[in-house]
Amino acid sequence: MLAAMTVRARFAPSPTGELHIGSVRTTLYNYLFAKQNGGALVLRIEDTDQARFDARALPSIYDGLHWLGIGWDEGPREGGPHAPYVQSERLALYQRHANEMVAMGAAYHCFCSSERLAQMRAAQAARKEITKYDRLCRRIDPAQAADRASREPHTVRLKVPEEGSVSIDDLVHGHVEWPLATLDDQVLLKSDGFPTYHLAVVVDDHVMGITHILRGEEWLPSVPKHLLIFRAFGWAAPPMGHVPLVLGQDSKKLSKRHGATRVTEFREQGVLPEGLVNYLALVGWQPGTEEEIFSMDELIARWRVEQVQKAGGKWDYARLRWFSGVWVRRLSDDELLERVAPFIPAEWDRRVVRQTIPHIKERMETLTQAKDLIAFLFTDELPTDPARYLPKKRAAAETRDVLMRVRSGIADLQPFTAPAIEAEMKRIATEAGWKDLNMATRLAVTGTSVGFGVYESVALLGRDRAVARLDRASALLG
RNA sequence: GGCCCGGUCGCCUAGUGGACUAGGGCGUCUCCCUUUCAAGGAGAAGGUCACGGGUUCGAAUCCCGUCCGGGCUACCA
């Protein structure tokens with residue numbers, strides 16, 4: 001643990017759409033890191049691209065993360081000592097810093113139009129050259145440039161030194177070094193007065209006192225630019241860790257075309273948040289032992305940056321479902337009832353549903369599966385095709401005969417409980433010498449071949465309805 | 001193209017020079033338990049540790065090269 005300093009981690013999503021599972025993973029790591037060090041977690045909204053802004057993003061971030069049990073200390077709604085936490089509300093700060101960089105000679109005004117830049121790039125591409133800003137405006141006399149800047153639209157570009165190199169000791173990748181000669185003169189301040197990501201992160205991370213940066217590996221290539229900005233201001237760059245990407249089955253960065261990627265989708269699919277967190281933590285991190293079931297608290301205690309993988313991890317829906325199932329089984333009956341409630345019709349009698357919980361708990365991975373498992377108790381609309389009531393390789397007549405026996409066996413059974421029903425049905429089975437009695441009864445009573453125990457099913461259904469369904473099935477088979 | 005990051009069973013991974021005949025989990029398959037389905041238990045199949053060279057008595061582990069994959073390469077983040 002880092003005892004001496006108070007850790008301040010952050011997650012800085014851009015509000016361009018609904019919360020993505022990849023950013024959740026990164027956020028989770030930041031959360032675990034902050035928590036285990038007794039530090040603070042900051043949410044900062046990086047809305048420096050007006051064109052891509054999506055109003056659904058912020059609510060989605062709050063809903064999704066809270067659902068997963070991830071909380072933070074400072075943010076747009078929570079406020080905090082460094083408010084506002086939305087970059088579009090901090091424009092003056094970035095503009096001031098951009099100007100300072102120009103004044104220091106670390107950046108310069110650029111008056112090139114988008115059209116010229118596009119043409120330049122096209123020409124470079126045609127010549128098979130590297131597409132990079134040709135630094136035309138870098139040669140303008142600073143005084144003259146300042147004068148033009150007061151009247152003409154312009155951007156501010158980073159003045160990358162011609163030679164030398166910069167490097168970091170990445171928390172997950174180790175030493176990484178970049179020769180400066182290959183870097184582009186990145187735009188820091190756009191002509192609309194908004195900063196680009198690069199300027200804004202560096203300024204905010206410093207100003208907000210962020211002590212550790214944990215973000216996706218896609219940001220690794222922009223580190224040298226950030227380093228140059230930190231250096232220009234004489235600020236120490238905080239330690240950084242670039243965590244591996246979450247990949248789709250084709251090994252490419254996970255995106256919509258790979259299937260569900262929005263947190264909302266997993267919630268709607270009835271995936272347990274505990275399972276999602278558990279699974280997600282393991283995509284890119286490994287505890288060094290063979291344990292793998294971890295609650296959030298255990299993750300806070302166990303997770304280590306040093307154990308974060310270097311290679312990207314593929315998203316595995318089957319494994320996620322398995323983790324969800326593990327957590328379903330760990331829930332108390334009452335808790336599971338609460339969780340299942342939103343996934344079944346409100347008019348279904350809660351007391352009856354409650355009784356099914358112990359039986360369905362072992363049979364579901366996601367909450368959505370509960371409904372089908374218990375539907376037979378709440379509807380009388382069963383299949384009408386006689387074939388659906390026949391156990392494999394059984395004829396209608398014999399099945400009908402056995403069903404009648406069960407019917408009379410339970411019609412006056414006392415008490416009408418699962419154990420009593422079991423004893424009775426076993427008696428009938430031996431007497432009739434019929435191995436498929438349970439399946440026949442299950443089909444007749446629930447209309448389906450899968451479900452929880454037949455005896456429990458019959459008991460829960462109740463004597464009258466069970467008898468009625470046996471009669472009905474017999475009639476269909478007759 | 002350039003820069004950067006990666007590369008152990010289908011997937012997540014253990015492993016940091018000898019205990020590795022490469023271990024665990026998911027998935028798949030088989031069996032047990034259940035007169036259903038699961039859960040649980042027991043097993044099986046599945047890896048020339050990307051490839052090629054070194055170094056070493058000994059390499060998945062160290063070095064070099066190659067190949068493959070990915071990320072970035074915008075007045076997007």
Side-chain angles (χ1 to χ4, degrees), chain A residues 12-16 23 46-49 51-52 110 112-114 117-118 121 124-125 128-133 153-157 170 172-173 176-179 181-184 186-198 200-201 216-224 242 244-245 247 249-253 279 282-293 309-323 325-326 328-329 359-365 369 373 391 425-426 429 434-443 446 448-454 457:
Chain A
S14 34
T16 54
S23 30
E46 311 224 319
D47 59 341
T48 52
D49 185 352
R52 293 209 301 158
C110 175
C112 295
S113 65
S114 308
L117 294 173
R121 266 190 288 270
Q124 287 169 338
K128 300 221 180 220
E129 288 172 13
I130 303 163
T131 51
K132 211 172 132 183
Y133 179 54
H154 62 278
T155 63
V156 172
R157 279 184 189 273
D170 190 86
V172 351
H173 292 280
V176 183
E177 190 166 347
W178 295 264
T182 59
L183 291 193
D184 202 354
Q186 180 66 49
V187 169
L188 301 177
L189 195 69
K190 308 180 215 178
S191 53
D192 62 3
F194 275 64
T196 57
Y197 169 82
H198 309 285
V201 250
E217 195 182 301
E218 70 263 39
W219 294 112
L220 195 48
S222 57
V223 167
H242 290 83
L245 263 20
L247 275 18
Q249 277 312 306
D250 58 358
S251 296
K252 302 217 168 106
K253 204 155 83 164
Y279 168 69
L282 259 13
V283 176
W285 170 77
Q286 206 281 339
T289 67
E290 283 172 359
E291 298 163 78
E292 55 184 0
I293 305 303
Q309 302 293 321
K310 290 187 171 84
K314 288 185 187 160
W315 185 259
D316 183 347
Y317 290 95
R319 192 163 148 84
L320 167 63
R321 278 192 298 275
W322 180 77
F323 273 106
V326 166
V328 164
R329 275 168 253 132
H359 306 119
I360 62 176
K361 192 189 270 184
E362 308 287 296
R363 282 160 243 262
M364 50 193 278
E365 292 186 314
Q369 294 168 332
L373 250 17
M425 283 179 66
K426 280 186 168 165
W434 226 66
K435 297 204 91 176
D436 299 317
L437 173 133
N438 277 29
M439 182 50 87
T441 306
R442 168 189 302 287
L443 290 170
T446 71
T448 164
S449 61
V450 286
F452 49 90
V454 221
S457 298

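Given the structure is predicted, the values throughout are model-derived calculations rather than measurements. Letters A, B, ... mirror the listed sequences (proteins, then strands); counts begin at 1.
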**OP:** Check ring pair (Phe, Tyr, Trp, His ring centres under 6.0 Å) between Trp434(A) and all other residues, then give those that pass, not counting sequence neighbours.
**Re:** none
Original post:
Is Lys128(A) touching bases, backbone alone, or none of the nucleic acid, heavy atoms closer than 4.0 Å?
Top reply: nothing
Original post:
In chain order, what residues pass the ring pair (Phe, Tyr, Trp, His ring centres under 6.0 Å) check against His173(A), with sequence neighbours excluded?
Top reply: none
Original post:
With sugar-phosphate meaning primed atoms plus P, OP1 and OP2, does Phe452(A) contact a base, only sugar-phosphate, or nothing at under 4.0 Å between heavy atoms?
Top reply: base
**OP:** Rounded to whole angstrom, note down the C1' distance from A45(B) over to G27(B).
**Re:** 13 Å
**OP:** Quote, to the nearest angstrom, the P distance that separates C33(B) from G47(B).
**Re:** 32 Å
**OP:** Considering only heavy atoms of chain A and a distance under 4.0 Å, specify the first and last nucleotide of RNA chain B in 5' to 3' order that meet this criterion.
**Re:** G1(B) to A77(B)
Original post:
Under 3.5 Å, is there a donor-acceptor pair between the side chain of Arg442(A) and the main chain of Gly453(A)?
Top reply: no
Original post:
So what does Thr48(A) touch, heavy atoms closer than 4.0 Å: a base, only the sugar-phosphate, or nothing?
Top reply: sugar-phosphate
**OP:** For Arg321(A), answer base if it contacts any base atom (sugar-phosphate contacts may also be present), sugar-phosphate if it contacts only those atoms, and nothing otherwise; contact means non-hydrogen atoms under 4.0 Å.
**Re:** nothing
**OP:** Answer with base, sugar-phosphate or nothing: what part of the nucleic acid does Leu117(A) contact at a heavy-atom distance below 4.0 Å?
**Re:** base
Original post:
Looking only at atom P, what distance separates A14(B) and A50(B), rounded to whole Å?
Top reply: 14 Å
Original post:
Distance only, no hydrogens: is a donor on one side chain within 3.5 Å (strictly under) of an acceptor on the other, for Lys190(A) and Thr196(A)?
Top reply: no
Original post:
Using a cut-off of 4.0 Å on non-hydrogen atoms, how would the nucleic acid contact of Gly284(A) be classed: base, sugar-phosphate, or nothing?
Top reply: sugar-phosphate
Original post:
Taking atom P in both U8(B) and G15(B), what distance in whole Å separates the two?
Top reply: 14 Å
Original post:
Applying a 3.5 Å limit to both distances, which nucleotide forms a Watson-Crick or G-U wobble pair with G43(B)?
Top reply: C29(B)
Subject >> C1' spacing across the pair A60(B) / U21(B), given as an integer number of angstrom >> reply: 15 Å
Original post:
Base, sugar-phosphate, or nothing: which does Ser449(A) touch, judged by heavy atoms less than 4.0 Å apart?
Top reply: base
Original post:
Taking atom P in both C62(B) and G17(B), what distance in whole Å separates the two?
Top reply: 8 Å
**OP:** Under 4.0 Å between any heavy atoms, over every strand shown, what does Gln186(A) touch: base, sugar-phosphate, or nothing? Just pick one.
**Re:** nothing
Subject >> Residues which pass ring pair (Phe, Tyr, Trp, His ring centres under 6.0 Å) with Phe323(A), listed by chain and number, not counting sequence neighbours >> reply: none
Original post:
5'-most contact on RNA chain B: Tyr279(A) or Lys190(A), nearest heavy atom basis?
Top reply: Tyr279(A)
Subject >> Asp49(A): partners by salt bridge (charged side-chain N to carboxylate O under 4.0 Å, His left out), with sequence neighbours left out >> reply: Arg52(A)
Original post:
When the P atoms of G71(B) and U30(B) are considered, how many whole Å apart are they?
Top reply: 38 Å
**OP:** May I ask you to say what Thr182(A) touches in the nucleic acid, namely base, sugar-phosphate or nothing, with a heavy-atom cut-off under 4.0 Å?
**Re:** sugar-phosphate
**OP:** Check every strand shown and say whether Ala125(A) touches a base, only sugar-phosphate, or nothing at a heavy-atom separation below 4.0 Å.
**Re:** nothing
**OP:** Begin with the C-alpha distance, continue with both residues' side-chain angles, and end with the deciding distance and a verdict on side-chain contact (heavy atoms from CB on, under 4.5 Å) for Trp315(A) and Leu320(A).
**Re:** CA-CA 9 Å; Trp315(A) 185 259; Leu320(A) 167 63; 3.8 Å; yes
Original post:
If only atom types and distance count, is the side chain of Asp184(A) paired as donor or acceptor with the main-chain N or O of Lys132(A) below 3.5 Å?
Top reply: no
Original post:
With both distances under 3.5 Å as the test, what is the Watson-Crick or G-U wobble partner of C51(B)?
Top reply: G65(B)
Original post:
Which part of the nucleic acid does Thr155(A) contact within heavy-atom distance under 4.0 Å: base, sugar-phosphate only, or nothing?
Top reply: base
Subject >> Integer angstrom distance from the C1' of C11(B) to that of U36(B) >> reply: 31 Å
Subject >> Set of residues satisfying side chain to side chain donor-acceptor pair (under 3.5 Å) with respect to Thr448(A), sequence neighbours excluded >> reply: none
**OP:** Give one of base, sugar-phosphate or nothing for Ile130(A), where a contact means two heavy atoms less than 4.0 Å apart.
**Re:** base
**OP:** Indicate, with a heavy-atom threshold strictly under 4.0 Å, whether Cys112(A) touches base, sugar-phosphate, or nothing.
**Re:** base
Original post:
So which one's nearest nucleotide on RNA chain B is more toward 5', Trp178(A) or Lys252(A)?
Top reply: Trp178(A)
**OP:** Remember a base hit wins even if backbone is also touched, and classify Val176(A) as base, sugar-phosphate or nothing at under 4.0 Å, heavy atoms.
**Re:** sugar-phosphate
